[in-house]
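Accompanying notes for the structure given below.
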There are 2 protein chains.
Amino acid sequence: MITNIEKRCLDQGIKMTEQRRVIARVFAEAKDHPDVEEVYRRASLLDDRISIATVYRTVRLFEEAGVLERHDFRDGRARYEKISDEGQHDHLIDVKTGKIIEFQSDEIDRIRKEIAEKMGFRLIGHTLALYGVPLASKESE
Amino acid sequence: MITNIEKRCLDQGIKMTEQRRVIARVFAEAKDHPDVEEVYRRASLLDDRISIATVYRTVRLFEEAGVLERHDFRDGRARYEKISDEGQHDHLIDVKTGKIIEFQSDEIDRIRKEIAEKMGFRLIGHTLALYGVPLASKESE
DNA sequence: TTACGTGCAAAAGGTTTGCAATAAC
DNA sequence: GTTATTGCAAACCTTTTGCACGTAA
């Protein structure tokens with residue numbers, strides 16, 4: 001069975017190797033935002049002939065092809081997730097636990113675009129992450 | 001003459017050394033978003049008894065004290081700027097030139113806070129960077 | 001077949017840290 | 001005088017890369 005991500009890669013003219021197929025599958029099945037080490041771990045379970053250098057090369061390739069999105073959540077390594085058909089979302093990070101929660105806001109999407117255009121730019125990407133603590137929690141920082 | 005940043009550090013109970021004063025001065029005078037190498041370069045012009053390790057230690061200290069803000073603009077190193085009294089701004093990066101342009105939007109400030117609270121969090125920080133190309137420019141990516 | 005992808009290990013680039021010397025309070 | 005800070009160099013961690021080998025089309 002061919003994953004949606006693999007299809008997207010083929011559309012982009014990316015030559016599919018066994019390693020790339022495996023990494024595509026990892027992201028097709030992921031519901032979170034794994035870093036490269038974690039992708040390597042999961043890929044190795046499916047096929048142990050994969051090296052971490054290939055994972056690095058592949059996530060970069062997929063990112064440049066618009067198949068994956070890279071995130072920086074201030075923990076020192078890049079995290080990746082697939083770009084889904086149903087539009088993108090942003091993230092809120094619970095700084096107490098590190099948990100990453102997705103959200104989507106049409107209003108923010110609109111304003112971002114408006115601001116960029118008002119400044120004379122066409123928006124081609126963005127980074128938005130909110131960092132918060134649970135409202136119930138009383139710790140000051 | 002004592003800089004505003006130095007005053008802020010003293011308020012936070014930070015012990016001021018000559019090196020820290022020099023680094024505070026660099027940020028007091030900066031109108032941009034220097035990385036550590038650049039801070040080190042500017043600080044060295046004012047006082048050549050400074051090491052880059054101290055710059056790393058000091059920007060971290062200042063960041064934790066709420067005196068500096070750290071940014072990641074996808075170029076592989078951290079950039080810093082002072083937190084000014086007149087409220088914060090966000091950034092738009094011209095991906096053709098790397099130029100960083102500041103902007104401020106009360107509407108975005110409001111929505112960010114609303115979203116976090118609606119999700120059950122008190123917002124304590126955020127990252128927002130827009131990446132764009134000049135509207136005049138016709139390149140596709 | 002032929003260009004492209006891979007694994008390995010080494011290197012790069014940014015950042016942190018152990019330690020002995022130094023300076024602040 | 002005591003404790004924190006500094007400079008130096010080594011270590012760290014993530015990511016990239018050179019090269020010989022392997023593989024997809």
- [ ] Indicate for each nucleotide in nucleotides 19-25 of chain C, in 5' to 3' sequence, whether protein heavy atoms under 4.0 Å reach the base (B), only the sugar-phosphate (S), or nothing (-).
- [x] -----SS
TODO: Classify every nucleotide of nucleotides 9-15 of chain C by which part a protein heavy atom approaches to under 4.0 Å, writing B for the base, S for the sugar-phosphate alone and - for neither, in 5'-to-3' order.
DONE: -----SB
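Between the C1' atom of dT15(D) and the CD atom of E64(A) lies a distance of 14 Å, rounded to the nearest Å. Here the P atom of nucleotide dT23(D) and the CD1 atom of I50(A) are 14 Å apart, to the nearest Å. As rounded to whole Å, 12 Å separates atom C1' of dT6(D) from atom CG of D47(B).
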Task: Verdict with supporting geometry, Q88(B) and I83(B), side-chain contact (heavy atoms from CB on, under 4.5 Å) - done: CA-CA 7 Å; Q88(B) 280 313 100; I83(B) 294 179; 3.7 Å; yes
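Side chain of T54(A) to main chain of I50(A): no donor-acceptor pair is present (N/O by atom type, distance under 3.5 Å, no hydrogens or angles).
For D11(A), the side chain to side chain donor-acceptor pair (under 3.5 Å) criterion is met by no residue, not counting sequence neighbours.
Ring orientation note: the planes of H91(A) and H89(A) are nearly perpendicular, at an angle over 60° on the 30°/60° scale.
At a cut-off of 3.5 Å, with distance as the only test, a side-chain donor of Q104(A) or D106(A) sits close to an acceptor on the other residue. Checking H33(B) against E102(B) by side-chain atom types alone, a donor-acceptor pair falls below 3.5 Å.
Geometrically, R74(B) engages Y131(B) in a cation-pi contact, judged by NZ or CZ lying under 6.0 Å from the ring centre and within 45° of the ring axis.
A salt bridge is absent between R60(B) and E63(B): the closest approach of a Lys/Arg side-chain nitrogen to an acidic carboxylate oxygen does not fall below 4.0 angstrom.
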